[in-house]
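Computed from heavy atoms alone, side chains included, the values below leave out hydrogens, waters and symmetry copies. Within every chain, numbering begins at 1; the chains are lettered A, B, ... in the order of the sequence lines, protein sequences first and strands thereafter.
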Amino acid sequence: MNVRGVVVGVSDGKTVSTDYGESELVEVSLREAESAEETTVTLWGKWTEAGALLEPGMELAVYDADVDEYRGETRYTTGDGTMVVVEPDFIVDVTNVRAWVDCPRMYYLNKIGGIELAEPVVKGTIVHEVFGDLLRGRDVEAAVEDRVREAGLDLGLLGADVESMTESVRQHAQAIEGWLQQGTLTERDEYRSEQTLISRRYGLKGRADAVRRGAPVELKTGKNTKRDPRFKDKVQATCYALILGEHGETTPDTGTLLYTKNAAVDRAETSGDLSPAKDFSIGSGLLAFVLRARNEIAAMESDMSVPTGYEGEAKCEYCFEQDTCMAVSGRLDQESKAGQVGTAVPESERTYFDRFYRAVETERREVHREYAKLWRQSPEERADADRALVGLEPTGQRELDGGRWELRATGTGAVSKIRTGDLVLASDGDPVGGNAELARVERLGGADGEIVVTADEPVELRRLDIYPSELTTDRLLTALHDAVLTQSPEWKDPLFGRAEPEIDPIEETVIDNNAAQDEAVRMALGAEDFALVHGPPGTGKTYTLATIVREFLDRGERVLISAFTNRAVDNALEALIEEGVTDIVRFGSESGVRADMQEYRLDRSGDPQRCASQLEEASVVAATTASCGSRAMRTQSFDVAVVDEAGQLTEPGTLAAVALADRFVLVGDHQQLPPVTRADTDLSESLFERLIEAYPEASKLLDRQYRMAQRIQAYPSREFYDGALRPATGAVASQQVSDLPDVESDRLPAHLRDRVAFVDPGGTQKGHTNPAEAAAVTDAVESYLDAGVSEGEIGVIAPYRAQVAEIDRRVPEAVTVDTVDRFQGSSKEVIVVSFVATGSLESPIFEDYRRVNVALTRAKKALVLVGDADTLASDDTYARMVEWAR
DNA sequence: TCTCTGCAAAGAGGA
């Protein structure tokens with residue numbers, strides 16, 4: 001029997017005499033998830049360790065428990081083959097179990113500090129890729145050369161020599177080949193490389209290097225002359241065996257570790273066992289052990305405590321990370337088995353670190369909840385199936401040069417969040433238990449409805465799921481680590497309120513036709529610590545940013561340009577190029593960078609020296625904040641970081657960029673959309689907003705807007721900018737649709753002749769759509785088209801994606817229809833907004849008034865609001881908006 | 001049923 005529920009209470013452990021001698025037991029009372037009834041589970045023997053980890057409120061799953069009838073009530077007890085899982089919804093990565101078994105503190109250090117760029121790591125990555133290539137039947141020489149080439153930037157930053165790296169990788173590859181040949185298995189079908197494995201049952205995920213006849217194979221590029229694999233390596237392979245057992249009919253009873261460096265060890269000098277491949281047997285004891293280790297991690301993460309190292313058996317004197325461990329322990333004043341060195345950062349910084357650490361980890365839990373959506377199979381459970389495209393019909397697959405596969409299918413035409421360029425889980429219909437591969441979306445919803453993805457292995461393409469990645473959360477932690485632990489006290493002073501930011505604006509005028517922009521530039525150039533540029537819609541903040549960057553460059557400074565989204569980074573670059581700056585390196589993935597910026601993109605493959613010097617010698621580097629946290633970018637330092645759309649960035653997200661520089665300039669608008677987070681935590685407020693409130697004198701408001709007619713900007717200015725916003729010129733103030741070529745405003749219906757109009761079609765909200773509003777929006781759009789406004793000059797904004805789809809069906813294709821969130825940053829001559837809500841404004845989407853600000857301020861010459869006037873009037877802010885618009 | 005973008009991930013070493 002399986003039982004799962006929330007822990008209500010845990011008894012003290014006790015020792016009892018049984019037929020088999022003395023035994024330990026712990027009793028756990030659970031409220032069952034299914035029945036909501038209370039029941040008791042008795043944990044025996046080693047499973048009592050789980051009892052020690054449990055706290056009321058935590059979840060527990062017990063699989064294959066024995067059932068007892070005790071005084072008429074059903075009780076459960078662990079027996080042969082029972083598996084106990086603490087907090088099963090917390091998805092632990094297999095490599096983390098490996099690190100934890102080695103030393104729990106190592107797990108924590110890896111998490112907060114990331115793994116630094118180092119030659120063994122880069123070589124390891126290359127050899128793993130070659131391993132995959134060989135399993136897929138690729139020629140060794142070609143694979144080695146290609147994979148070394150691809151690591152060009154990393155190798156260059158390390159100053160590594162290509163020839164010796166290639167030679168070394170070749171030796172490792174030969175060890176792999178030797179192993180492949182000596183096996184009796186020759187058919188490729190027996191192998192499966194780099195398989196993504198996700199366990200719902202045990203709360204585990206990972207990528208097995210290879211699976212051979214259903215058993216895990218792990219590649220290690222180190223040497224091991226013992227006969228047995230290293231324990232932590234066995235643990236890793238056993239985790240994969242556990243997951244494979246869940247998905248297949250049986251749990252594999254052996255695993256293989258492949259130590260490829262053994263092949264290069266001089267036989268004359270070593271007496272040990274130099275065969276690279278070492279098999280080991282996987283018994284029930286080891287399977288239960290790895291699960292208990294996984295449980296320890298899940299329990300520790302549940303209360304977010306910090307491991308000390310005493311939890312494990314590791315000997316600090318043998319540990320390569322001993323120095324790092326002591327330094328981190330010292331700086332954060334954490335208890336540590338290795339001890340502490342150095343002085344602790346001030347208490348306020350430790351509190352700050354802790355506060356944001358918890359916020360990021362809370363966010364991580366929300367990412368984990370998205371895994372649960374992967375295993376919802378039935379249509380009813382797929383209520384929010386916009387995270388997946390299901391019911392695809394495979395239409396073909398072919399092998400590409402370099403061993404990857406192109407997979408094709410036709411879709412059902414359903415809408416989802418999946419977009420071209422996304423990393424997704426491509427599967428045969430079951431992303432968890434079936435055949436699934438990480439894949440890249442190459443094409444989506446062409447005219448023929450065909451979907452094209454590329455993956456390492458062929459899969460019958462029947463379903464695509466968004467792959468919940470922890471990359472962002474991981475990088476927020478490393479940014480926090482870098483800022484708090486490695487920056488100087490002086491750098492941190494104003495961030496922690498110990499000193500006012502110093503600004504000595506430069507004297508000379510830079511922008512002579514806009515006083516606020518000019519002052520912003522002069523402040524930014526004269527900032528000792530940081531300066532803040534507050535740019536409401538249409539105030540030329542991107543131009544101001546580009547001018548700031550150009551001025552810094554003229555003074556010989558090295559500048560980092562960053563923003564949360566690729567789009568914002570590319571926009572900033574575009575403005576900089578217009579300023580005549582072209583000595584630029586755009587750091588980012590091919591799919592992320594806009595087509596017209598590809599020529600500036602750093603090619604990370606090729607000659608190491610060339611790759612590295614392109615990055616190191618660039619006076620301007622542009623990257624998203626997520627990329628700023630990458631290993632390569634963390635090796636770089638800048639005089640100044642200039643961050644655009646800073647109001648959209650979490651505090652640690654901003655730190656990822658600014659921690660790479662001596663000083664920084666944040667450009668943004670905290671009255672527009674805040675950072676996107678899943679959980680409501682300290683991450684919801686941007687660093688920009690915090691600093692602008694703490695140090696208004698370090699900020700400059702750009703108060704002249706070049707976008708909206710005066711009639712349009714009136715309400716947003718009053719409501720969101722204390723009335724400080726005004727049109728830059730008379731022409732801006734008085735613009736109207738009849739200014740557009742071939743537009744005759746007398747052809748517009750009377751109610752649309754004003755620059756701002758309100759239409760109440762009297763519809764009813766249905767789910768997240770309102771068909772009557774969609775029709776009214778379409779009418780308004782048609783009216784403007786009839787009056788001569790061209791399709792590309794009209795935009796439609798709705799709060800929900802469902803309504804966006806509803807409207808999109810009805811209007812010509814060249815009319816842009818999108819959610820508020822995705823419209824931020826752009827503008828149109830004519831904007832029509834659909835509010836959807838009728839009856840009540842009780843939806844979180846209406847709570848944040850900044851969203852309305854964004855919607856209204858996209859319009860230049862005409863703005864039409866379509867909504868239910870009575871409903872909107874039920875909220876003061878919206879009531880004022882209706883009054884203004886009517 | 002709220003909105004959303006980033007990211008390949010996992011990769012090493014030795015008493």
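Between B:dT3, B:dA12, B:dA10, one nucleotide has an atom nearer to the side chain of A:Y800 than all others, and that is B:dT3. Of the listed nucleotides (B:dA10, B:dT5, B:dT3), B:dA10 has the atom at the smallest distance from the side chain of A:T95. Which of B:dC7, B:dT3, B:dG14 sits closest to the side chain of A:R851 comes down to B:dT3. Taking only side-chain atoms of A:D821, from C-beta outward, the nucleotide of B:dT3, B:dT5, B:dA9 with the closest atom is B:dT3. Listed nucleotides: B:dG6, B:dG14, B:dA8. Nearest to the side chain of A:R440: B:dA8. In the set B:dA9, B:dA8, B:dT3, B:dT3 carries the atom at the smallest distance from any side-chain atom of A:I845. Nearest to the side chain of A:T472, among B:dG6, B:dA10, B:dA15, sits B:dG6. Of all nucleotides listed (B:dT1, B:dA10, B:dG6), B:dA10 comes nearest to the side chain of A:T125. Looking at the side chain of A:I115, the nearest of the listed nucleotides B:dG6, B:dC2, B:dA12 is B:dA12. In this structure, the nucleotide among B:dA12, B:dG14, B:dT5 sitting nearest to the side chain of A:R419 is B:dT5.
Within the structure, a side-chain polar atom (N or O) of A:T221 is placed less than 4.0 Å from OP1 or OP2 of B:dA12. For the OP1/OP2 pair of B:dC7 and a distance below 4.0 Å, the side-chain nitrogens and oxygens of A:S627 include at least one atom meeting the criterion. For the OP1/OP2 pair of B:dA12 and a distance below 4.0 Å, the side-chain nitrogens and oxygens of A:K123 include no atom meeting the criterion. A sub-4.0 Å separation between OP1 or OP2 of B:dA10 and a side-chain N or O of A:N96 is absent. OP1 or OP2 of B:dC7 sits under 4.0 Å from a side-chain N or O of A:T624. Contact between the side-chain N/O atoms of A:R822 and the OP1/OP2 oxygens of B:dT5 is found at a separation under 4.0 Å.
Ion pairing of A:D422 with A:R440 is absent here, as no side-chain N (NZ or NE/NH1/NH2) approaches a carboxylate O to less than 4.0 Å. Salt bridge status for A:R634 with A:E116: absent, with no side-chain N to carboxylate O gap under 4.0 Å. Salt-bridge formation is not detected for the pair A:R850/A:D669: no Lys NZ or Arg NE/NH1/NH2 atom is positioned less than 4.0 Å from an Asp or Glu carboxylate oxygen. Ion pair A:K111/A:E361 flagged as a salt bridge, since at least one NZ, NE, NH1 or NH2 atom sits closer than 4.0 Å to an Asp/Glu carboxylate oxygen. Ion pair A:R364/A:E470 flagged as a salt bridge, since at least one NZ, NE, NH1 or NH2 atom sits closer than 4.0 Å to an Asp/Glu carboxylate oxygen. Between A:K278 and A:D228, none of the side-chain N atoms (NZ, or NE/NH1/NH2) sits under 4.0 Å from a carboxylate O, so this pair counts as no salt bridge.
Rounding to whole angstrom units, CZ of residue A:R475 and P of B:dG6 are separated by 14 Å. Rounded to whole Å, the distance from CE on A:M106 to C1' on B:dA12 is 10 Å. Following rounding to the nearest Å, A:Q648 (CD) and B:dG6 (P) show an atom-to-atom distance of 10 Å. Straight-line distance from the CG atom of A:L683 to the C1' atom of B:dT3: 17 Å, rounded to whole Å. Between the C1' atom of B:dC7 and the CE atom of A:M633 lies a distance of 15 Å, rounded to the nearest Å. Whole-Å rounding puts the A:N566 CG to B:dG6 C1' distance at 8 Å. Rounded to a whole Å, the CG atom of A:D422 is 11 Å from the P atom of B:dA9. Spacing between atom CD of A:E847 and atom C1' of B:dC2 amounts to 10 Å, rounded to whole angstrom units.
If you check every strand for non-hydrogen atoms under 4.0 Å, A:E218 touches sugar and phosphate atoms only. Among the protein residues, A:K315 comes within range of no part of the nucleic acid, since none of its heavy atoms lies under 4.0 Å from any strand. Counting non-hydrogen atoms under 4.0 angstrom, A:R230 reaches a base of the nucleic acid. Using a 4.0 Å heavy-atom cutoff across all strands shown, A:D93 reaches sugar-phosphate atoms only and no base atom. Within the 4.0 angstrom heavy-atom criterion, base atoms lie near A:E321. Within the nucleic acid shown, A:P675 has no heavy atom closer than 4.0 Å to any nucleic acid atom. Across all strands shown, A:R678 has heavy atoms under 4.0 Å from base atoms, whether or not it also approaches the sugar-phosphate. Contact annotation for A:G206: backbone-only contact, meaning every heavy-atom pair under 4.0 Å involves sugar-phosphate atoms and none involves a base.
A donor-acceptor contact closer than 3.5 angstrom is absent between the side chains of A:Y240 and A:D209.
Comparing A:D818 and A:F320 by the nucleotide of DNA chain B that holds the closest heavy atom to each, the one mapping nearer the 5' end is A:D818.
With a 3.5 Å limit on both pairing distances and Watson-Crick or G-U wobble geometry required, DNA chain B contains no stem of 3 or more pairs.
For A:T565, the side-chain contact (heavy atoms from CB on, under 4.5 Å) partners two or more places apart in sequence, or in a different chain, are A:R567, A:A568.
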Assess whether side-chain contact (heavy atoms from CB on, under 4.5 Å) is satisfied between A:N224 and A:K220, documenting all intermediate values.
CA-CA 9 Å; A:N224 175 11; A:K220 298 292 163 196; over 6 Å; no
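The aromatic rings of A:H768 and A:Y800 sit parallel to each other, their planes meeting at less than 30°, with 60° as the upper class boundary.
Between the side chain of A:K232 and the base of B:dG14 there is at least one donor-acceptor pair of N/O atoms closer than 3.5 Å.
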